[in-house]
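Report on one structure; see the data block that follows.
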Amino acid sequence: MTELLIKNGFVFDPLSEINGEKMDIAIRDGKIVESVSDQKAKKIDATGLTVMPGAVDIHTHIAGGEVNTGRMIRPEDHVKDVVRKTAITRSGTGYSIPSTFVTGYRYSKMGYTTVMNPSMAPLGAKHTHEELNDIPLLDKATFPLLGDWWFVLENLQKGDLAGCAQHIAWMMETTKGYAIKIVNPGGLESWGFGRNVHSIDDVVPNFDITPREIVCGLAKVNKMLNLPHTIHLHTNNLGIPGNYLTTLETMKALESVPNDGKPICHITHVQFSSFAGENWGNMKSAADEISRYINNHNHMTFDMGQIIFTDTTTMTADGPFEFTLYQLSGHKWVNSDVETETSGGIIPMHYKRKSAVNATQWSIGLEIALLVKDPWKIFMTTDHPNAGPFFAYPKIIAWLTSKKARMATLAKCHKKAQKKSLLPSIDRELSLYELAIMTRAGQAKALGLTGKGHLGVGADADVAIYNINPETLDIAKKYKTARKAFDNAAYTIKDGKVVVKDGEVVQNVDGRTIWLDVKTREQLKVDEEMKRKFKEYWTVEYENYPVFDHYVKVPEAITVKADV
Amino acid sequence: MIVLTPLKKFQFPVHAECINPDVFKGKSVKEIAALPVWEGNKKKKLSDIFKIEETPAETPDITINGDATEVRRVGQGMKNGEIVINGNAGMHLGEKMAGGKITVNGTANGWTGSSMKKGLIEIHGDAGDYLASPYRGSTAGMRGGTIIVDGNVGGDSGCYLRGGTIIVKGNAGPFLGFHISKGVIYVEKNAGGRLGASMTGGKIVVSGAVDEFMPTFTVDGIKKKVKIDDDFKAEGPFYVFLGDLAEHGTGKLFVSQPSNPQFSAIYDKYL
Amino acid sequence: MSVINAVTCPICGCLCDDIEVTVVNNEVVKVKNGCAVCEAKYMGYKSEHRIRQPLIRKDGKFVPVPMKEAIHKAAEILANANYPILYGWSSTNCEAQRVGVELAEEVGGVLDNTAVVCHGPSLMGTQEVGIPTSTLGQIRHRADLIIYWGCDPWSAHPRHLERYTSFTKGRFEDSEWKSYLNKVKAAAGRKKVLSATRVAPKQQRATVAEEVVFNKPPETLQKEGRKLIVIDVRKSMTAEVADYFIKVEPNKDYELMQAIRALVKEQELDVDQVAGVPVEYIKEVVDALVNCNFGIIFFGMGLTQSAGKFRNIEVAISLTRDLNLRTKFLIMPMRGHFNVSGANIVFAWQSGYAFGVDFSLGYPRYNPGETTSMDILLRGESDAALVIASDPGATFPKRAIQNLVKHPLIVIDPHMNPTAMLGDVVFPSAFVGIEVEGTAYRMDNVPLPLKKVVEPPEGILSDEVLLKNILEEVRSIKAQKAKKAEVV
Ligand code: SF4
Ligand SMILES: [Zn+2]
């Protein structure tokens, strides 16, 4: 029995409605408990420090084939950011696509304890899990890409939602996945022959189905299966001027899915889906329109996909979008289509303040995050590494909590972008409480991870302690001090163990991989017909397709009872 | 001036980016002696592998007397001052150099002047592969400054050149000036195959014979003389080629007419 | 008797996972579905010269020693080295490769795999321009133009055509097997005619050959359905099957590809032939390239190891990029060893780099020309080596081998290959994919499980376990050393 007592910190735990109260947090055997023995427990004196639940990242590309190909093609990215081996930690490289160990260390240093890898081709799922095993200090989950999977397209096209649900239940178990990821629905299958869909009512070649039908169908299936997270959607026409109309239409289409007041869809990296204008020359922010819709509806959650001004690497299953970036930039380009399932692409990208488009994108992310009134609806991400590397999060925290900070950056941006930016008109500065929602509580809630994102009794003892005294430090004014504090957590505690102290990793522990064991009333019949189809669709044998148990080093299966 | 003399012949690579006038500046011999270097996988002090002496001479700031073939990254990123190497130099000499001067009285190794921005490198012997070319995966080639090689240069030299001048008085290896967009490369003797492949701009001048010529250049005329820099014009006549067509390139490739009689049958009909 | 199905063949980059193996009394007695190479391996691996016990060279002779002694000796060599090389890794599983990275990091060594002598240039080309590619099923379902450049799958990847390309039926494209059979019949007929006229003088025969080289692209190149083009310096078995064979002059692939790129971009060329191929014919090939629905270039060591090396790959990929502005076009390396892709992948996720990873400064560095095992051996910089699951003794140039054997050499391999013969400490290991399970990555980076179908011989450990033991011993030697240093 190991006990730990975090004494006298300012606690921000929005799910328990605790807003900066001075109190103790007691931990026993990796869980938060009511109290521990004051004599026996190890103590951390958190007097004058901010205590929050361990941070949660709902969307970060950290593992798997696409990420690793990104690593392989960018030696020039790693060479400028190397990490030495220590007695406790392994060596590695950054920058925009850190090696696995470095990924774990850097997240943990910022007080993160749970992250979601949001994009996994099922055929490469073993690879993703092998990499997740090598990412220490974090709990992880991964989302299989299912929006363009032939079985989904065929079942939905037939209107067989139950059949579709059974296949998806099978796929969650088979890939050890956590949520349904949909990327540019219909567009990825079209990309198999170099085409794309351009509206939610375009018909997917060879399949007689539309993006609208895919998204709404899978949202319904998701509900039938009672999955803890909603469908996780990367919209059509992503990254293209004028696409906010597609985004609005998608959200409106989803109104038709019964929702009993709860979110039924998460739109990820919404910044990339909120462009107004007709072309790159007159591209502008649609933050106003998008946030207005969000403020008036409750069936969706979002994350930012905030741009960071730096040299990074874009990588997404949205093959046609990466092709567009290739045409625009001429940069090195990876395309990686996956049979019967999905596609993918990679392009290095340097976001520059002096680019009107990039600066506008930067502004859009912050505008939406600040204009959406309810912090439970929108979460902080960079869609790592697409809009910037995750270790830039403290910069975003500064922009969100300090008008001074964001105006200082805006002042250095392209004049055209400055003139169009809504940021000067927005005075909102997030409080630590709201920040705790956007960086942990809200993310955990949207993911349906009941043991994460809070410090209530029974929660996983994942805690972040920052060197911020809310009574003496005005983070809106002293944003640089705050940024430093979020860069280097005073303590990060994972499952009750101190893993980071003063921004240094002091202990190396493995996190868990969380996956869904979905119990449908009727299990998918893997009969000869299914096996025959399997042989036709894929080039690997049915027997070799699943992620076997030994591929997950520290598994945590969540059993879900489905309604089908 | 600081004089460094290798204490032995090195078998393992030595990483010594501290050998740089900007780093030495204002330091006592004792402080210089304590600067960190790596020999193989062992971290050492500069004085563990070099004899270090100070002489009253003002220039050059640093002299290396002896074989430094295995000593890498000398003068990396230097902005000021002068280094003279009396002997052979190791890889990455003057990489990303931004000013000052380096002289090698011997042979230089790969990636000399890699992605250099400013300054002067003179090599009074041969140079290795990747002279002035950027690191793997990067297209940030040399941007400015001058490199003069008295001997031959290896393959893939001057890749992605964006500015500055490279003068080679001997022969050049294959893929000289690969994908250059600006700047000037001059070769006094012969050039290897795939000369100027994928060039999109800039200027390459070869006074000698060209080994194998890319089919993706189009002949544009004959020129008597070509300007290399302010005080040097190369004497022709030269065939003038434009390309690389595969990149819709507008680079100019000047190849000596008398040294390349094999061109006449192919290209003279277009002139 | 047990029949094990869906076994993954641990030989070439095709990584066929549909093999059926029958085992009786721990002996493989029957192999179904595999190609001849696969069958020969499963049936014959036991008769290969197997090492039964760890060996240490003492006074020039191999002496069998207990495992513990060999482990200690190997660990000592690595722990004391200033610049050791840890080379090989292509014919073992990812589990062993993972331990390999950790070991290399621990001893401050250079971690390198056989890509350095095969597809390292492919990875380097990819680092310059990226790579538009896909998994093999995508080719099976959609490709209507298949190009093999500088490779001969018929011999080196025997089931590539039947499983993934021309001779397989996909959702949107049919197998060309039937038309191939017709062609074979026709060819057999031609041969009859030829043998009847064998009296033809030598001179004349040369002209016939010449005609084959410069023959005009056939009409069928522009037809609907699957087409196969082979480009190589000699007419390979695969070329015999192809719709069109282009015989390129040796070491002129770069010129040919760059010329094709220019023509794809609708540029005119001043020359009338490139690499021995008339430009008017190249133009017809270009038409076939831009008019297909879905094209793919597979390339092999004919490109990666001929003059130009990684620039050949870079230009091939650049061509593929250009073609995507006209139609769908992809490209893929024909990786040789069954898990060389896995080595690249594992190295990359742990260190950021796929091969030639130098840990001597305490963090990973990579720069082919400087940090690969070949570069280091040619310059004679290393002072120890561990070779595993490969045979540089048979594939490296003489000077590199000389420098390899100058210093202590540890070899881990199931059998006594030429490198093992040169070793100072030799460990026998179990055959991965036959006696040991694990993971391997196919040439298109698809992970597949390897199966254990028979037990390894008594006392023979897997690569993974051996490496873990060595790593542990290295750590304890280093800890002792550190203690001693403290006392002093
Ligand atoms: S093609 Fe290669 S992997 Fe397939 S059975 Fe033959 S040797 Fe094995
Ligand atoms: Zn994403």
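Source: prediction; values computed, not measured. Order of the sequence lines sets the chain letters (A, B, ...), proteins ahead of strands, with each chain counted from 1.
- With a threshold of 4.5 angstrom between heavy atoms, C:V264 does not approach chain B through any atom at all.
- Residues B:I266 and C:V271 come closest through the heavy atom pair CG2-CG1, 3.9 Å.
- Considering every non-hydrogen atom in both B:A197 and C:Y254, the closest pair reads CB-OH, 3.4 Å.
- In terms of heavy-atom pairs under 4.5 angstrom with chain C, the leader among B:G110, B:P13, B:G137 is B:P13.
- For B:H248, the parts lying under 4.5 angstrom from a heavy atom of chain C are both the backbone and the side chain.
- For C:A81, the part lying under 4.5 angstrom from a heavy atom of chain B is the backbone only.
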Mind running side chain to side chain contact (heavy atoms under 4.5 Å, CB included) on C:N367 and B:W111 for me, showing each step along the way? CA-CA 11 Å; C:N367 189 21; B:W111 290 276; 3.4 Å; yes
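- The aromatic rings of C:F310 and B:Y130 lie parallel to each other, their planes meeting at an angle below 30°, with 60° marking the opposite boundary.
- Heavy atoms of C:D358 lying under 4.5 Å from chain B are absent altogether.
- B:R194 has no carboxylate O lying under 4.0 Å from a charged side-chain N of C:E314, or vice versa, which leaves the two without a salt bridge.
- Of the possible polar contacts, none joining the B:N41 side chain to the C:G109 backbone as a donor-acceptor pair under 3.5 Å is found.
- The contact between B:P215 and chain C is made by backbone and side chain atoms together, counting heavy-atom distances below 4.5 Å.
- The greatest number of non-hydrogen atom pairs below 4.5 Å with chain C, out of B:K43, B:R72, B:E39, is found for B:R72.
- Environment of CZ in C:R321: crowded, with over 12 heavy atoms of neighbouring residues, nucleotides or ligands closer than 6.0 Å.
- B:K44 NZ: more than 12 foreign heavy atoms inside a 6.0 Å radius.
- Residues B:G40 and C:L361 approach most closely at O-CD2, 4.2 Å, considering heavy atoms.
- Residues C:G369 and B:M91 share a closest heavy-atom pair of O-CE, 3.7 Å.
- The greatest number of non-hydrogen atom pairs below 4.5 Å with chain B, out of C:G108, C:A259, C:P368, C:G308, is found for C:P368.
- For B:E247, the parts lying near chain C are the backbone and the side chain together; criterion is any non-hydrogen pair under 4.5 Å.
- Among the candidates B:F213, B:Y267, B:Y135, the residue making the largest number of heavy-atom pairs closer than 4.5 Å to chain C is B:Y135.
- Looking at B:F175, only its side chain comes within 4.5 Å of chain C, counting heavy atoms on both sides.
- Looking at B:N109, there are no atoms closer than 4.5 Å to chain C (heavy atoms on both sides), in backbone or side chain.
- Counting heavy atoms of neighbouring residues, nucleotides and ligands inside a 6.0 Å radius, atom NZ of C:K484 does not exceed 12 of them.
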Verdict with supporting geometry, C:K265 and B:L245, side chain to side chain contact (heavy atoms under 4.5 Å, CB included): CA-CA 8 Å; C:K265 292 186 174 172; B:L245 300 178; over 6 Å; no
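- In terms of heavy-atom pairs under 4.5 Å with chain B, the best-connected choice from C:E381, C:R261, C:K252, C:M124 is C:E381.
- Counting heavy-atom pairs closer than 4.5 Å to chain B, the top residue among C:D383, C:V274, C:I260 is C:D383.
- When only modelled atom types and interatomic distance are considered, B:H179 and C:E128 share no side-chain donor-acceptor pair under 3.5 Å.
- Heavy atoms of B:S198 lying under 4.5 Å from chain C belong to its backbone as well as its side chain.
- Here C:S360 contributes atom OG and B:K42 contributes atom NZ; the two are 10.0 Å apart, rounded to the nearest 0.5 Å.
- Judged by a 6.0 Å distance limit and a 45° cone about the ring axis, B:R136 is not positioned over the six-membered ring of C:Y353.
- For a residue to count as touching a neighbouring chain, one of its non-hydrogen atoms must lie under 4.5 Å from one of that chain's; by this rule C:S318 does not touch chain B.
- Under the 3.5 Å distance criterion, the side-chain polar atoms of C:N82 are left unmatched by any main-chain donor or acceptor of B:F12.
- Residue B:Y160 touches chain C through its side chain alone, counting heavy-atom pairs closer than 4.5 Å.
- For B:K252, the NZ atom sits in a loose shell: 12 or fewer heavy atoms of surrounding residues, nucleotides or ligands are nearer than 6.0 Å.
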